[in-house]
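Numbers here are sequence positions counted from 1. From a predicted model like this one, the values you see are computed outputs, not experimental measurements.
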Amino acid sequence: QLQLVESGGGLVQPGGSLRLSCAASGFTFSRVAMSWYRQAPGKERELVAGITSSGGNTNYADSVKGRFTISRDNAKNTVYLQMNSLKPEDTAIYYCRTSLVRIGTVYPYWGQGTQVTVSS
């Protein structure tokens, strides 16, 4: 039942912008933290940004601070990643993630990913 569906990826030139969306369903979205990860070819998947359930607190990887903004709209069950001043090193598949706790154990859930390519 739990689903995370990313959208908004594409090809952009260096310095351009994209906004990714992650539509969530199958759980109480407003009660869980959300995050964005990315994985470039040959690299480990890394945390890009995270946001608390209410949207009151966010955190970012050092490499994207000042350029990316994570936000959420709990009324729409959607989390966003606004990406500005994109660099070729931002090229990766971007994944939406949430973690749910059952009997003291944390279970991660991932979307299918959306491709972001930054190239001239």
Side-chain angles (χ1 to χ4, degrees):
Q1 292 191 124
L2 194 156
Q3 295 185 62
L4 301 171
V5 181
E6 301 96 332
S7 62
L11 174 64
V12 296
Q13 295 188 14
S17 298
L18 284 174
R19 188 175 80 156
L20 307 183
S21 298
C22 173
S25 62
F27 64 100
T28 306
F29 179 80
S30 62
R31 299 202 305 204
V32 299
M34 302 294 296
S35 58
W36 287 96
Y37 282 69
R38 67 185 181 187
Q39 187 167 23
K43 303 287 289 185
E44 297 286 335
R45 190 172 297 187
E46 64 174 344
L47 175 67
V48 176
I51 189 167
T52 54
S53 60
S54 67
N57 190 40
T58 58
N59 65 282
Y60 300 91
D62 288 342
S63 59
V64 307
K65 286 180 180 177
R67 300 188 298 119
F68 290 11
T69 302
I70 188 172
S71 62
R72 67 192 295 160
D73 186 339
N74 284 349
K76 296 181 178 180
N77 288 174
T78 302
V79 62
Y80 305 95
L81 185 68
Q82 178 66 47
M83 305 185 295
N84 298 325
S85 302
L86 284 162
K87 305 174 181 179
E89 65 199 59
D90 296 318
T91 295
I93 301 174
Y94 284 71
Y95 297 91
C96 181
R97 178 188 186 267
T98 191
S99 295
L100 303 181
V101 179
R102 291 182 178 271
I103 318 178
T105 301
V106 178
Y107 297 89
Y109 292 88
W110 302 89
Q112 85 290 343
T114 185
Q115 177 71 49
V116 172
T117 302
V118 185
S119 177
S120 58

For the residue pair Gln115 and Leu11, establish whether any side-chain heavy-atom pair is separated by less than 4.5 Å. no
Would you find a donor on one side and an acceptor on the other, under 3.5 Å apart, between the side chain of Thr91 and the backbone of Val118? yes
Between Ser53 and Ser30 the two heavy atoms that sit nearest each other are CB-O, 3.4 Å
Does Ala33 offer a backbone N or O that forms a donor-acceptor pair with the side chain of Thr98 under 3.5 Å? yes
Rounded to the nearest 0.5 Å, how far apart are OG of Ser21 and CZ of Arg72? 13.5 Å
What are the two closest non-hydrogen atoms of Pro14 and Ser120, and how far apart are they? CD-N, 3.7 Å
Would you check if the side chain of Arg67 reaches a backbone N or O of Ser63 as a donor-acceptor pair within less than 3.5 Å? yes
Any side-chain heavy-atom pair of Arg97 and Pro108 under 4.5 Å: yes
Please report the C-alpha distance between Arg19 and Ser17 in whole Å, then the side-chain angles of each, then the deciding distance to 0.1 Å, and finally whether the side chain to side chain donor-acceptor pair (under 3.5 Å) criterion is met. CA-CA 7 Å; Arg19 188 175 80 156; Ser17 298; over 6 Å; no
Check whether Ile51 and Val5 end up in the same hydrophobic cluster, where Ile, Leu, Val, Met, Phe, Trp and Tyr are linked by side-chain heavy atoms less than 4.5 Å apart. no
According to a 4.5 Å side-chain heavy-atom criterion applied to Ile, Leu, Val, Met, Phe, Trp and Tyr, with indirect links allowed, do Phe68 and Ile93 form part of one hydrophobic cluster? no
Heavy-atom closest contact (Ala49 atom, Leu81 atom, distance): CB-CD1, 4.2 Å
Just wondering, do Asn59 and Leu47 contact through their side chains at under 4.5 Å, heavy atoms? yes
Taking all non-hydrogen atoms of both residues into account, name the closest pair between Glu6 and Cys96 and its distance. OE2-N, 2.6 Å
Any side-chain heavy-atom pair from Trp110 and Arg45 closer than 4.5 angstrom? yes
When hydrophobic residues are tied together by side-chain contacts of less than 4.5 Å, even through go-betweens, does Met83 share a cluster with Val64? yes
Would you compute the distance between atom CD of Gln112 and atom CD of Gln3 and round it to the nearest 0.5 angstrom? 10.0 Å
Does this structure show an ion pair linking Asp90 with Lys87, if we count only N-O contacts that are shorter than 4.0 Å? no
Considering the options Asn74, Leu4, Asp73, which one meets the side-chain contact (heavy atoms from CB on, under 4.5 Å) requirement together with Phe29? Asn74
Are Val79 and Tyr95 co-members of a hydrophobic cluster defined by side-chain heavy atoms under 4.5 Å apart? no
How far apart are the closest heavy atoms of Tyr60 and Thr69, and which atoms are they? OH-CA, 3.4 Å
Tyr37 with Leu20, same ILVMFWY side-chain cluster at under 4.5 Å: no
Working to the nearest 0.5 Å, report the span between CG of Leu100 and OG1 of Thr105. 12.0 Å
Lys43 and Gln39 have their tightest heavy-atom pair at O-NE2, 3.1 Å
All side-chain contact (heavy atoms from CB on, under 4.5 Å) counterparts of Ser54, not counting sequence neighbours: Thr52
Quiz item: cation-pi between Arg102 and Tyr107, 6.0 Å / 45°: no
